[in-house]
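Written below as structure tokens is the structure these notes are about.
By convention in this document, chain letters (A, B, ...) are assigned in the order of the sequence lines, proteins followed by strands, and residues within each chain are numbered from 1.
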Amino acid sequence: MPLVRTGPPDPDVATKLADRGYEVLVAELWNTDSRIRRAAVRDLAELPAGAPGHAMALCDRLDVETSPSVRSAIMARLILLGTPDVAERLTDHLHSDDAQLRNVAIEALQEMPQAVAPLLDRLLDDEDSDVRIFAVNILAALCLEQAPERLAAVIRTDPHVNVCVAALDGLVEVGGIDMISDIENLGARFAENAFMRFAVDTAIRRIRGA
Amino acid sequence: MTTALPVAKLATPALAMTNEEYAKFCEFFYRKTGIQFVDSKKYYVERRVADRIAKTNSGSFRDYFTLVRFQMSGQEMQSLVNAMTVNETYFFREDYQFDSLVKGILPEIARTKPRGKPIRIWSMPCSSGEEPYSIAIKILELWSSSDAWDIEIHASDIDTKILDEARAGIYGERSLSRVPLATKRQYFVRRPDGNHQISAALRNSIDFSLVNIVDPLQTRRFRDFDVIFCRNLLIYFDDPGRREAAEMFFEALAPGGFLCLGHSESMSRISSIFAPRKFQDSIVYQKPFAAE
């Protein structure tokens, strides 16, 4: 029979792999081999809690990292950490020209509601409308009680049609009846825009649930 | 294993959801879980949502949706997922994926893998063993090149009791309902109590081991797998948990290795580090050969 049994994997492998210290692992984050960098990210996560600086070390590496698999490993760790300083560093990438990095930063920020909440006002006021759209995308996905009202504030005040459409899209899911007048006013504000008229009608119908 | 198609009626009175509420709910549930309900499932969805509304003392669909959508702990979301899915396992469940294994995935691995190295397959969570034994039988029955290779099948679960059941390999008629008679005769032994036991040779060919998927110290000893089956588990994880699991699979797979998820699960919604591949009727996820 071709099926062979070799016994379970060696339990000692864990200890053999995990005996490198903090300084060594941080240095390995800058190794030229992406496999070593990725292993360093994973092993840093398993050090005892006495390595508080590793979050910023990971953020430093993320700033220049180009390997998708290393980026992914760093993001998975940063999301689990979810601290305010990590969220602050991730918001820097919303301005990045690298679409993949921008997208993973948005996804990561969506998964750390408490850490990102204090940063949203600044992001929603950013002079770059793309950053405001990303901020709206983050806000719309958060399980924050104040999210509907903040999205409503965006459609009341933001001058950019695409930012408002993004916020309206979020309100389709989380908006309340009391926001329908704001949505109608948005439609009036961009009355010449056919897509906005469609989006407004859809949102009102969905929020009314009828 | 889990299915998203509910099978039993509940005693709770049906909730009348408007079409717009149903659409909103389905879009949200799909975004969170990857499980899609078509219009014809509205009755089933309504019954289960009504049950959760009653159990959470929510006054209306709107109140309940707000609870699920904004609850920070995600506890009610998990209860909702549990209500919408049904745990069941039996031989050759979703066997189109096993067919893809023997007709597409294994032949491709055989073309690229150096001779002399074993082909390694990991089934986890293996529950009471139906999946790893199904994999073994399919390979023996349907992959014509199987004799040319050493094939290791590892099977893991977090539950020691269920692992003991898997090692014993004793099953009732319900588990075997999709097993052809000839296959039953070849790989099972009928017991005096009417149950069937997997043959000793097959039982002894699979390595069963205890592992907690979210414990990196336990999973890091699982390496160099060519194929991993992890079906209908990730829907029970939250987003960070799914992402961590994806990282673990990436580590556990050999370059070019394949990950098989359940029919309602999609790695594309979790992580972009795998490449989706289609084999026959299955979408599976491949670790790049040159993992950058």
Side-chain angles (χ1 to χ4, degrees), chain A residues 1-18 34-35 38-39 41-43 45-46 66-73 75-77 79-80 82 100 103-104 107-108 110-114 141-145 147-148 172-174 176-177 202 205-210, chain B residues 17-21 23-24 27-28 31 61-62 65-66 69-72 74 118-120 136 139-140 143 145-154 156 201-202 204-210 216-218 220-223 238-240 243-244 246-248 250-251 271-273 287-288 291-292:
Chain A
M1 189 157 70
L3 302 181
V4 295
R5 187 173 176 179
T6 57
D10 180 5
D12 290 339
V13 169
T15 50
K16 284 174 195 162
L17 290 173
S34 64
R35 289 167 302 181
R38 183 178 158 83
V41 174
R42 307 260 317 152
D43 288 350
E46 288 162 33
T66 56
S67 157
S69 74
V70 181
R71 270 185 187 172
S72 176
M75 281 299 183
R77 181 60 189 157
I79 288 167
L80 287 180
Q100 200 222 15
N103 288 339
V104 293
E107 287 172 18
Q110 285 172 336
E111 291 179 34
M112 44 180 83
Q114 300 296 353
L142 295 181
C143 44
L144 282 178
E145 279 186 22
V172 167
E173 183 172 292
V174 301
I177 298 284
T202 303
R205 196 173 63 245
R206 189 62 65 83
I207 289 170
R208 284 197 171 125
Chain B
M17 286 166 86
T18 66
N19 288 338
E20 293 295 337
E21 287 173 336
K24 180 156 96 169
E27 283 169 19
F28 168 74
R31 186 163 57 77
F61 170 77
R62 192 181 292 273
F65 189 77
T66 301
R69 177 62 179 70
F70 292 108
Q71 188 183 49
M72 200 66 83
I119 292 174
R120 289 162 53 82
I139 289 173
L140 294 174
W143 191 33
S145 301
S146 61
D147 282 331
W149 295 88
D150 283 345
I151 302 165
E152 297 176 15
I153 300 179
H154 295 257
S156 305
L202 205 52
N204 291 331
S205 68
I206 294 176
D207 272 307
F208 289 98
S209 57
L210 182 70
L217 285 179
Q218 288 188 30
R220 70 184 317 159
R221 58 200 172 94
F222 291 82
R223 290 288 183 272
D238 61 9
D239 289 337
R243 200 180 284 268
E244 263 299 299
E247 294 296 320
M248 187 278 286
F250 193 89
E251 292 296 309
S271 169
S272 58
I273 52 179
K287 176 177 174 175
E292 267 305 307

Worksheet item: Of the listed residues (A:Glu107, A:Met75, A:Gln110), which shares the most heavy-atom pairs with chain B below a 4.5 Å separation?
Response: A:Glu107

Response to the item:
Value for CZ (A:Arg5) from CG (B:Asp150), rounded to nearest 0.5 Å, stands at 15.0 Å

Worksheet entry | Heavy-atom proximity to chain A below 4.5 Å, by part of B:Ala246 | neither

Response to the item:
Those residues at least two apart in sequence (or on a different chain) that pass side chain to side chain contact (heavy atoms under 4.5 Å, CB included) with A:Pro113 are A:Leu142, A:Cys143, A:Leu144, B:Met72

Worksheet entry | Between B:Ile206, B:Ile139, B:Leu202, B:Asn19, the one whose heavy-atom pairs under 4.5 Å with chain A are most numerous | B:Ile206

Fill in: Pair A:Arg205-B:Glu20, salt bridge (Lys or Arg N to Asp or Glu O under 4.0 Å): steps then yes or no
CA-CA 7 Å; A:Arg205 196 173 63 245; B:Glu20 293 295 337; 3.0 Å; yes

Discussion item. On a heavy-atom basis, which atom in B:Lys24 and which in A:Val172 lie closest, and how many Å separate them?
Written reply: CD-O, 3.4 Å

Worksheet item: What part of B:Ile119 gets closer than 4.5 Å to chain A, counting heavy atoms only: side chain, backbone, both or neither?
Response: neither

Worksheet item: So, do B:Thr66 and A:Glu145 sit near enough that their side-chain heavy atoms are less than 4.5 Å apart?
Response: no

Worksheet entry | Distance in Å, A:Arg206 CZ paired with B:Glu21 CD, rounded so as to fall on 0.5 Å steps | 10.5 Å

Worksheet item: Of the non-hydrogen atoms in A:Ile177 and B:Arg62, which two are nearest, and what is the gap between them?
Response: CD1-NH2, 3.9 Å

Worksheet entry | Inter-residue atom distance A:Leu3.CG - B:Leu140.CG, 0.5 Å rounding | 4.5 Å

Practice prompt. Report yes if the side chains of A:Thr6 and B:Asp207 come closer than 4.5 Å at any heavy-atom pair, otherwise no.
Written response: yes

Fill in: Which portion of B:Ser156 sits near chain A, non-hydrogen atoms under 4.5 angstrom
neither

Worksheet item: What part of A:Arg71 gets closer than 4.5 Å to chain B, counting heavy atoms only: side chain, backbone, both or neither?
Response: neither

Fill in: Region of B:Glu251 that comes under 4.5 Å of a non-hydrogen atom in chain A
both

Item to complete: Could you check which of B:Trp149, B:Phe70, B:Phe208 has the highest count of heavy-atom pairs closer than 4.5 Å to chain A?
Response: B:Phe70

Worksheet item: B:Asp238: what forms a side chain to side chain contact (heavy atoms under 4.5 Å, CB included) with it, not counting sequence neighbours?
Response: B:Pro240

Practice prompt. Kindly indicate whether the side chain of B:Arg220, heavy atoms from C-beta on, has any atom under 4.5 Å from the side chain of A:Arg42.
Written response: no

Worksheet, complete the sentence: Closest non-hydrogen atoms of B:Phe28 and A:Glu173, given as atom of the first, atom of the second and distance, are CD1-OE2, 3.6 Å

Item to complete: Give, as side chain, backbone, both or neither, the part of B:Ile151 having an atom under 4.5 angstrom from any heavy atom of chain A.
Response: both

Item to complete: Output yes when a side-chain donor or acceptor of B:Ser146 lies under 3.5 Å from a complementary backbone atom of A:Pro2, and no otherwise.
Response: no

Discussion item. Which atoms of B:Asp147 are under 4.5 Å from chain A, going by heavy atoms: the side chain, the backbone, both sets, or neither?
Written reply: both

Item to complete: Answer with side chain, backbone, both or neither: which region of B:Ala148 has an atom nearer than 4.5 Å to a non-hydrogen atom of chain A?
Response: neither

Practice prompt. Can you measure from CD (B:Glu247) to CZ (A:Arg77) and round to the nearest 0.5 angstrom?
Written response: 12.0 Å

Worksheet item: Given that the side chain runs from C-beta out, which part of A:Gln100 has a heavy atom under 4.5 Å from chain B: side chain, backbone, both or neither?
Response: side chain

